[in-house]
2 protein chains.
Amino acid sequence: MKKGSRQLQAEQTKQRIFETALKLFEKKGFDQVTVDEIVQKSNSSKGAFYNHFDSKYGIFLEKFTEIDTFYEEFIQTIPEEASLKEKILKLFQGQMQYLEHEMGKDLMRSVYTNGLIESENHYFTNTDRSVYKILNDFIKVAVERGELMPEVNNEQLSMMIARCMRGNLYDWIAFGKGFDLQEESKQFMDIFVEGILKKYTPKEK
Amino acid sequence: MKKGSRQLQAEQTKQRIFETALKLFEKKGFDQVTVDEIVQKSNSSKGAFYNHFDSKYGIFLEKFTEIDTFYEEFIQTIPEEASLKEKILKLFQGQMQYLEHEMGKDLMRSVYTNGLIESENHYFTNTDRSVYKILNDFIKVAVERGELMPEVNNEQLSMMIARCMRGNLYDWIAFGKGFDLQEESKQFMDIFVEGILKKYTPKEK
DNA sequence: TTATTATTTAGACTATAGTCTATGAAATAA
DNA sequence: TTATTTCATAGACTATAGTCTAAATAATAA
């Protein structure tokens, strides 16, 4: 054994809990699954569970970071020469499709509920996330190309765009059926990007 | 006694629970107050509590509807002849100040957490709310005045503006200190309204 | 090798939101 | 007035997330 058998066992336990939990979440929905059930079905214990994860949300947040992998791959499909607006709308569209179909509303609900809990470490708050980096880069390129004036506050703008994403996702979760995430977020973002352009397009010299 | 003493007593019990709860929320923060404590301090019981309120959130939602009174009064202070942009920005500003200072972050957290719970009846979802009516009216007037083209979908636009509010409030709650609600939401909304105007200002004839 | 320390796991226990049933009293019907 | 029904209330009970302690065993030091 490379790793001490202790660590190996711990890792296996964690993995077992993790996979069992995700399977159950998918089958019954996040709220319908109890920690006791996860623990029981994965042949582990409360002690093991809370040793490896902070909370029931925590277990899912671990999966949620997969989204960063998605982002990394997805931007490859966006042509470098596309306009800022095209890039942002494409990113939005890709993200919303991914979240709606790969993550699902129930899991997103838990992420957004968790985001509201008072604490220092939040996924949303973490500005190292891929989305922020990607948006930052979009804006930087747009400035270089003269699509946006150099005075724009890149960080702030990226944050606002991410906020648009959160706003649309929040409403999707809150409003239930009848809310078309793809359509709504497309139209919303179309307006927002137009606003950015109107405010920050360099003046004709 | 006008009312039967039965109803009167019930009303008094409800009021006692309500006031005790709000006082406790204010003093200790929503999450630090237990239903048992509310019940005990208000000399009532679990049965009485859940007879009058759906949940711990529910008790606060009742207070939260006061915000509609605020809206009604606040729009009186906005001059009729102001532009759409001015009106929306003023409304936003007034709302955010009210929520930040009168409601407070803790209570708003509970409202937003509650908004995510799966159910039919949500405060946000209820399109009868004053905000929606006010926004609808702003847009209607703007169309009449030729500020916006008549093709705009009033309901959809109002909903999107309300979504901007939610997005900013969500981030305010999620990001904790360092997030300046007033400033952030002003700048955000400035962009969004510019986007609306760019897309929906009637073309020069 | 033996002793010590650190860490994983088991599972009993706690805290708390919310449910359920019984009681008593008021409203209503006879 | 008496009987019946309805409804507010009390408080025991349930469900479940999360804590805490102890036991077991691996890693490390002597």
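All of these numbers come straight from a predicted model, not from anything done at the bench. Letters go in sequence order (proteins before strands), and every chain restarts at 1.
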Taken to the nearest whole Å, CG/A/Leu8 to P/D/dT25 is 17 Å
Residue pairs passing the side-chain hydrogen bond (donor to acceptor under 3.5 Å, both in side chains) test with at least one member in residues 178-193 of chain B, sequence neighbours excluded, are A/Gln156-B/Gln187, A/Arg163-B/Glu184, A/Lys199-B/Asp190, B/Lys85-B/Asp190, B/Glu100-B/Gln182, B/Glu183-B/Gln187
Applying ring-ring contact (aromatic ring centres under 6.0 Å, His included) to B/Phe74 and not counting sequence neighbours gives B/Phe70
> Does the cation-pi check pass for B/Lys56 over B/Phe49, that is, NZ or CZ under 6.0 Å from the six-membered ring centre and within 45° of its axis?
Replying inline: no
B/Gln9 CD to C/dA27 C1', in whole Å, measures 14 Å
Contact check, residues 28-57 of chain A vs DNA chain D, heavy-atom distance under 4.0 Å, returns A/Val33, A/Thr34, A/Val35, A/Lys46, A/Tyr50, A/Ser55, A/Lys56
Separation of D/dC7 atom C1' from B/Gln12 atom CD, nearest Å, is 16 Å
In whole angstroms, the gap separating P of D/dA17 from CG of A/Leu24 amounts to 12 Å
Please output the side-chain donor-acceptor pairs of residues 87-95 of chain A that fall under 3.5 Å, not counting sequence neighbours, one pair per line with the distance.
from, atom 1, to, atom 2, distance (Å)
A/Lys87, NZ, A/Glu80, O, 3.3
A/Gln95, NE2, A/Tyr71, OH, 2.5

For A/Thr13, the side-chain hydrogen bond (donor to acceptor under 3.5 Å, both in side chains) test, sequence neighbours excluded, returns none
A/Gln7 CD to C/dT9 P, in whole Å, measures 11 Å
ring-ring contact (aromatic ring centres under 6.0 Å, His included) filter on A/Tyr112, not counting sequence neighbours, yields A/Phe124, B/Tyr170
